[in-house]
Asker: 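Sending over a structure as structure tokens; questions will come in a sec.
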Amino acid sequence: MATPLSLYIPIKQDAVSQASAQHLYKDFMNIVTPILTEIQIVHYARLILIPNSTGEGINSIMLITTFDGAMNPYLSTFWNSGPGFKELLNAIAAIAVTHPPLPILSLSVFENFITSNNLSQPTDLYQAYTYTVAQITED
């Protein structure tokens, strides 16, 4: 069973946060590709910058993934994946309008931050196949 994550994070409107969002967007694939390739549970992942209604600047960022299994084991896998992910997580949290205490130092704080900003439920996802990422990528 695949599960969706639609992580919606409104960001601060100062110049540093705006620049950080652009930097995160630019480097996102380079940061996550090695992690995602190793853990083999994520079908799709993307980071989207949502513009302000004025067309000037970024209102929010949205991380959208589809992954195998339930939410908390998925989050635990990322938490245990190494420092690259935690640096990305803390960079996102640092520019969030509402964020947990920084740096995020525990799995439970991480899980609470993600679940409180997730717009999706498992029932929101249409799934055309039942294969896991590991099954799809078998040689």
Side-chain angles (χ1 to χ4, degrees):
M1 175 184 100
T3 303
L5 171 66
S6 302
L7 183 65
Y8 178 75
I9 308 288
I11 67 168
K12 299 172 193 169
Q13 296 300 298
D14 60 86
V16 171
S17 297
Q18 294 288 304
S20 181
Q22 289 287 351
H23 180 74
L24 286 165
Y25 176 77
K26 182 180 144 236
D27 292 342
F28 178 74
M29 294 309 290
N30 291 331
I31 294 168
V32 301
T33 296
I35 298 167
L36 300 181
T37 301
E38 181 179 328
I39 64 173
Q40 291 194 341
I41 60 171
V42 177
H43 291 262
Y44 303 101
R46 62 190 179 275
L47 185 71
I48 299 168
L49 302 179
I50 300 173
N52 283 311
S53 61
T54 62
E56 296 290 323
I58 302 160
N59 176 276
S60 50
I61 60 176
M62 191 158 194
L63 174 63
I64 301 171
T65 67
T66 304
F67 56 92
D68 294 327
M71 181 66 75
N72 283 350
Y74 167 74
L75 296 177
S76 180
T77 298
F78 274 98
W79 184 257
N80 294 318
S81 70
F85 173 73
K86 290 177 185 171
E87 290 169 1
L88 174 66
L89 167 66
N90 278 291
I92 290 171
I95 63 174
V97 171
T98 304
H99 59 78
L102 298 173
I104 299 173
L105 297 175
S106 74
L107 175 58
S108 63
V109 172
F110 166 53
E111 288 173 340
N112 289 338
F113 178 64
I114 300 300
T115 56
S116 67
N117 290 288
N118 182 15
L119 301 180
S120 293
Q121 298 298 317
T123 56
D124 295 341
L125 181 67
Y126 165 77
Q127 184 172 342
Y129 58 89
T130 59
Y131 298 109
T132 65
V133 172
Q135 291 169 326
I136 293 169
T137 58
E138 277 183 352
D139 291 326

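Residue numbers run from 1 in the order of the sequence given. Hydrogens, waters and symmetry mates are skipped; everything else that's a heavy atom, side chains included, is used.
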Asker: A quick test of your reading: do over 12 heavy atoms of other residues, nucleotides or ligands sit less than 6.0 Å from CD of Glu38?
Answerer: no
Asker: For Tyr74, check ring-ring contact (aromatic ring centres under 6.0 Å, His included) against everything at least two apart and list the hits.
Answerer: Phe67, Phe78
Asker: Please find the pair of heavy atoms, one from Asn90 and one from Pro103, that lie closest to each other, and give the distance.
Answerer: OD1-CA, 3.2 Å
Asker: Taking all non-hydrogen atoms of both residues, which atom of Ser60 and which atom of Ile58 are closest, and how far apart?
Answerer: O-CG2, 3.3 Å
Asker: Please check: side-chain N/O of Asn112 versus main-chain N/O of Val109, any donor-acceptor pairing under 3.5 Å?
Answerer: no
Asker: State, to 0.1 Å, how close Ile39 and Thr77 come at their nearest heavy-atom pair, and which atoms those are.
Answerer: CG2-CG2, 3.7 Å
Asker: Kindly state each residue pair satisfying ring-ring contact (aromatic ring centres under 6.0 Å, His included) with at least one member in residues 25-49, sequence neighbours excluded.
Answerer: His43-Tyr129
Asker: Can you check whether Leu24 reaches Ile95 side chain to side chain, under 4.5 Å on heavy atoms?
Answerer: yes
Asker: Nearest heavy-atom pair of Pro122 and Pro4: which atoms, and what distance?
Answerer: CA-CD, 3.7 Å
Asker: In Å, rounded to the nearest 0.5 Å, how long is the span from CD1 of Ile11 to OG1 of Thr98?
Answerer: 13.0 Å
Asker: How many angstroms lie between atom NZ of Lys26 and atom CG of Leu47, to the nearest 0.5 angstrom?
Answerer: 13.5 Å
Asker: Going through the checks in order, is the side chain to side chain contact (heavy atoms under 4.5 Å, CB included) test met by Val32 and Val42?
Answerer: CA-CA 11 Å; Val32 301; Val42 177; over 6 Å; no
Asker: Side chain of Asn59, backbone of Pro10: donor and acceptor closer than 3.5 Å?
Answerer: no
Asker: Once rounded to the nearest 0.5 Å, what's the spacing between atom CG of Leu75 and atom CZ of Phe113?
Answerer: 11.5 Å
Asker: Say whether, by atom type as modelled, one donor and one acceptor occur between the side chain of Asn52 and the main chain of Thr54 under 3.5 angstrom.
Answerer: no
Asker: Taking Ser76's backbone N and O only, do any of them form a donor-acceptor pair with Asn80's side chain (distance below 3.5 Å, no angle check)?
Answerer: yes
Asker: Do side-chain atoms of Gln18 reach the backbone of Lys12 as a donor and acceptor pair under 3.5 angstrom?
Answerer: yes
Asker: Could you go through Leu5 and Thr3, starting from their C-alpha distance and side-chain angles, then the distance that decides it, and tell me whether this counts as side chain to side chain contact (heavy atoms under 4.5 Å, CB included)?
Answerer: CA-CA 7 Å; Leu5 171 66; Thr3 303; over 6 Å; no
Asker: Measuring from atom CD of Gln22 to atom CG of Leu49, what distance do you get when rounded to the nearest 0.5 angstrom?
Answerer: 5.5 Å
Asker: Go through the structure and list residues passing side-chain hydrogen bond (donor to acceptor under 3.5 Å, both in side chains) with Asp27, not counting sequence neighbours.
Answerer: His23
Asker: Measure the CD1-CG distance between Ile61 and Leu7 for me, rounded to the nearest 0.5 Å.
Answerer: 7.0 Å
Asker: Is the backbone N or O of Thr33 less than 3.5 Å from a side-chain atom of Thr37, with the two atoms forming a donor-acceptor pair by type?
Answerer: yes
Asker: Between Trp79 and Ile104, is a side chain to side chain contact (heavy atoms under 4.5 Å, CB included) present by the stated rule, with each step listed?
Answerer: CA-CA 10 Å; Trp79 184 257; Ile104 299 173; 4.0 Å; yes
Asker: Please answer: with hydrophobic residues joined when any side-chain heavy atoms are less than 4.5 Å apart, are Leu105 and Leu107 in the same cluster?
Answerer: no
Asker: Give a yes or no answer on whether the side chain of Asp68 reaches the backbone of Val133 with a donor-acceptor pair at less than 3.5 Å.
Answerer: yes
Asker: When rounded to the nearest 0.5 angstrom, what distance separates CD1 in Ile31 from CD in Glu87?
Answerer: 8.0 Å
Asker: Would you kindly confirm whether Phe85 and Leu102 end up in one hydrophobic cluster when ILVMFWY residues are joined by side chain heavy atoms under 4.5 Å apart?
Answerer: yes
Asker: Would you say Leu119 and Met71 are hydrophobically clustered, going by side-chain heavy atoms of ILVMFWY under 4.5 Å?
Answerer: no
Asker: Does Ser6 use its side chain to pair, donor to acceptor, with the backbone of Ile64 at less than 3.5 Å?
Answerer: no
Asker: Would you say the side-chain atoms of Ser17 pair up with the backbone N or O of Gln13, donor to acceptor, closer than 3.5 Å?
Answerer: no
